[in-house]
There are 2 protein chains.
Amino acid sequence: MKRKPAKEYTTEQQLPKLGTSPYLKLMERTASSDTNLNSAHLGLIMLWLGDNILDMVDIDLAAFDITESKLDLLLLLSLHADQELVTPSSIADRLGIRRSSVTALLIWLEKKNLIVREPYAKDGRMTHVRISAEGSTLVNQILPTFWSTCASLVDELDKEEQAVFQKVLVKLNASLEKRLGSGR
Amino acid sequence: MKRKPAKEYTTEQQLPKLGTSPYLKLMERTASSDTNLNSAHLGLIMLWLGDNILDMVDIDLAAFDITESKLDLLLLLSLHADQELVTPSSIADRLGIRRSSVTALLIWLEKKNLIVREPYAKDGRMTHVRISAEGSTLVNQILPTFWSTCASLVDELDKEEQAVFQKVLVKLNASLEKRLGSGR
DNA sequence: TCAATGTAATTAGATAATCTAACTATAGGA
DNA sequence: TCCTATAGTTAGATTATCTAATTACATTGA
């Protein structure tokens, strides 16, 4: 869960909003000489934007009493519902987190009856994880809002901007996934 | 801290990588009719990209034993070092988190001698917070790497792409900050 | 002037998402 | 059959949040 600090008595005394420029000045002073300042500026804004997008989505999902990580996992299960075997290990591998972290997520989701864990007959060490009917229902309730929030992020771009933007985003994301060794 | 799961015995059995298309199919099936699918697609990739960027930066900062939130706060203090009064309240206000959360960050930073808390003479309820010499030193050690990581995020774009991208990013970020009521 | 109320900061206690290390149970090979 | 690898969980920790309660100081108005 995150943000939405509501009230808590508004402070009189406030810090002035500095905007971007002091960050850029600081950058000029402190960046190594082989760093391209324009690129760094761009990267910085992307970082900020990423933060804001995450916040946005979190706020949105909070209404459904679920977090992005958990929705992520439910979607993963949803898209692999046809697989004979989906284990906590393979989930961990895919999400780039530890098995124990997956266990924690699964416990939470199971408690809410959103997933089911079944022993795997062919190998007694393994567990098959699948999304439950209730889980699917929840996902189907969430998704329309989720997509519309996604769309709203880029609403104000015109067709042409969107086209260029899309090309660039896909490129950047692919290269980052490669660097991080992650990916869907 | 985050990622870098290192080893933990590579799993034999893996989930197939599905790529983007099943997400798009799911979107087509589940988006409300007034959601623009192209926009939603774009937004979704931005969300993923934002996640990846965060991870990237986290990994980077881990080497300095600090997190993004804490660096953020140190930078804020750095840029307001000339202010007579910087209180936990005003910091909370600016970062969009609760005062108690700021207290927690400050305790950690103070323990490491990166900041100093001084009672404010003109109003006994308030505390002035400033970055310490040690804090400044750390920031100066971190920033070159930080900027270079930022730059590396968009390295593979050519000049023209960067130009368009920059315009779009600034626009989107501004509108999101407005919607969220945040901002630097 | 002093009691009531407002504000600043902290503390207490909770939740979420992660980690490492240790443990249990099963599988499979020498 | 015993040893070791693997799957999953548990135990215990950290980070970043939150809300509610507490403490201490400030202000104000009868």
Side-chain angles (χ1 to χ4, degrees), chain A residues 1-14 51 54-55 58-59 61-62 65-73 85-93 95-112 117-129, chain B residues 1-14 51 54-55 58-59 61-62 65-73 85-93 95-112 117-129:
Chain A
M1 234 100 299
K2 248 183 181 179
R3 297 296 137 106
K4 234 14 7 161
K7 240 155 275 174
E8 185 175 53
Y9 294 124
T10 313
T11 324
E12 284 314 299
Q13 174 270 327
Q14 285 199 338
D51 251 350
L54 264 273
D55 283 355
D58 279 350
I59 288 171
L61 293 180
D65 228 327
I66 203 166
T67 56
E68 211 215 329
S69 324
K70 282 159 187 164
L71 177 59
D72 234 37
L73 177 40
L85 176 59
V86 177
T87 62
S89 283
S90 62
I91 294 169
D93 197 48
L95 296 181
I97 60 178
R98 294 304 195 150
R99 279 177 291 157
S100 59
S101 308
V102 172
T103 299
L105 293 174
L106 293 179
I107 287 171
W108 190 96
L109 291 167
E110 195 176 48
K111 213 174 278 168
K112 299 225 167 184
R117 282 194 272 198
E118 301 166 331
Y120 183 61
K122 297 185 195 166
D123 186 332
R125 291 167 301 179
M126 298 186 184
T127 301
H128 175 59
V129 181
Chain B
M1 233 101 301
K2 249 181 176 179
R3 297 296 136 106
K4 235 15 3 163
K7 242 156 274 175
E8 186 175 53
Y9 293 123
T10 313
T11 324
E12 284 313 299
Q13 175 268 329
Q14 284 201 336
D51 251 349
L54 264 275
D55 283 354
D58 279 350
I59 288 171
L61 292 180
D65 229 326
I66 202 166
T67 55
E68 212 214 328
S69 325
K70 283 160 188 163
L71 177 59
D72 234 37
L73 177 40
L85 177 58
V86 177
T87 63
S89 283
S90 62
I91 294 169
D93 197 47
L95 297 181
I97 59 179
R98 295 302 196 151
R99 280 178 294 167
S100 59
S101 308
V102 172
T103 300
L105 292 174
L106 292 178
I107 287 172
W108 191 96
L109 291 167
E110 195 175 50
K111 214 174 277 167
K112 298 226 167 182
R117 282 194 272 197
E118 300 166 331
Y120 183 60
K122 296 186 195 165
D123 187 331
R125 292 167 300 179
M126 298 185 185
T127 301
H128 175 61
V129 181

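No experiment lies behind these values; they were computed from the predicted model shown.
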Of all the nucleotides listed (D/dT17, C/dA16, D/dA5), which has the minimum atom distance to the side chain of A/T67?
C/dA16
Could you tell me how far apart A/I91 (CD1) and C/dT18 (P) are, to the nearest whole angstrom?
13 Å
Figure out the CD/C1' separation between A/E110 and D/dT10, and round it to whole Å.
15 Å
Could you state the atom-to-atom distance from NZ of A/K122 to P of C/dA27 in whole Å?
14 Å
Within the pair A/R117 and D/dT9, is there a side-chain N or O less than 4.0 Å away from OP1 or OP2?
yes
Nearest whole Å is fine: how far is D/dA26 C1' from B/M126 CE?
9 Å
Tell whether A/S100 reaches the base of C/dT20 with its side chain through a donor-acceptor pair below 3.5 angstrom.
yes
Any A/S101 side-chain nitrogen or oxygen under 4.0 Å from OP1 or OP2 of C/dT18:
no
Of all the nucleotides listed (D/dG8, D/dT17, D/dT19), which has the minimum atom distance to the side chain of B/R98?
D/dT19
For A/Y120 and A/T87, run side-chain contact (heavy atoms from CB on, under 4.5 Å): C-alpha distance rounded to whole Å, both residues' side-chain angles, the deciding distance at 0.1 Å, then the answer.
CA-CA 9 Å; A/Y120 183 61; A/T87 62; over 6 Å; no
Just do the side-chain contact (heavy atoms from CB on, under 4.5 Å) check on A/L106 and A/T127 with the steps written out, would you?
CA-CA 12 Å; A/L106 293 179; A/T127 301; over 6 Å; no
Residue closer to the 5' end of DNA chain C, A/L105 versus A/Y120 (nearest nucleotide):
A/L105
What do the steps show when you test A/R117 against A/I107 for side-chain contact (heavy atoms from CB on, under 4.5 Å), and what is the final call?
CA-CA 10 Å; A/R117 282 194 272 198; A/I107 287 171; 3.6 Å; yes
May I have the distance from A/I107 (atom CD1) to D/dT9 (atom P), rounded to whole angstrom?
7 Å
Establish, with yes or no, whether the OP1 or OP2 oxygen of D/dA16 is under 4.0 angstrom from a side-chain nitrogen or oxygen of B/K70.
yes
OP1 or OP2 of C/dA17 sitting under 4.0 Å from any side-chain N/O of A/S69?
yes
What nucleotide, of D/dA26, C/dC19, C/dA9, holds the atom closest to the side chain of B/D123?
D/dA26
Using a cut-off of 4.0 Å on non-hydrogen atoms, how would the nucleic acid contact of A/T127 be classed: base, sugar-phosphate, or nothing?
sugar-phosphate
Value in whole Å for how far the P atom of D/dT17 lies from CG of B/L73:
10 Å
What verdict does the side-chain contact (heavy atoms from CB on, under 4.5 Å) test give for A/V86 and A/H128, after you've listed the backbone C-alpha separation in whole Å, the side-chain angles of each residue and the deciding distance to 0.1 Å?
CA-CA 5 Å; A/V86 177; A/H128 175 59; 4.1 Å; yes
Rounded to the Å, how far apart are A/L109 CG and D/dT9 C1'?
16 Å
Between D/dT22 (P) and B/R99 (CZ): distance, integer Å
16 Å
Out of D/dA5, C/dT18, D/dA24, minimum distance to the side chain of B/R125 belongs to D/dA24
First locate atom CD of B/E68, then atom CG of B/L61, and finally report the distance between them rounded to the nearest 0.5 Å.
7.0 Å
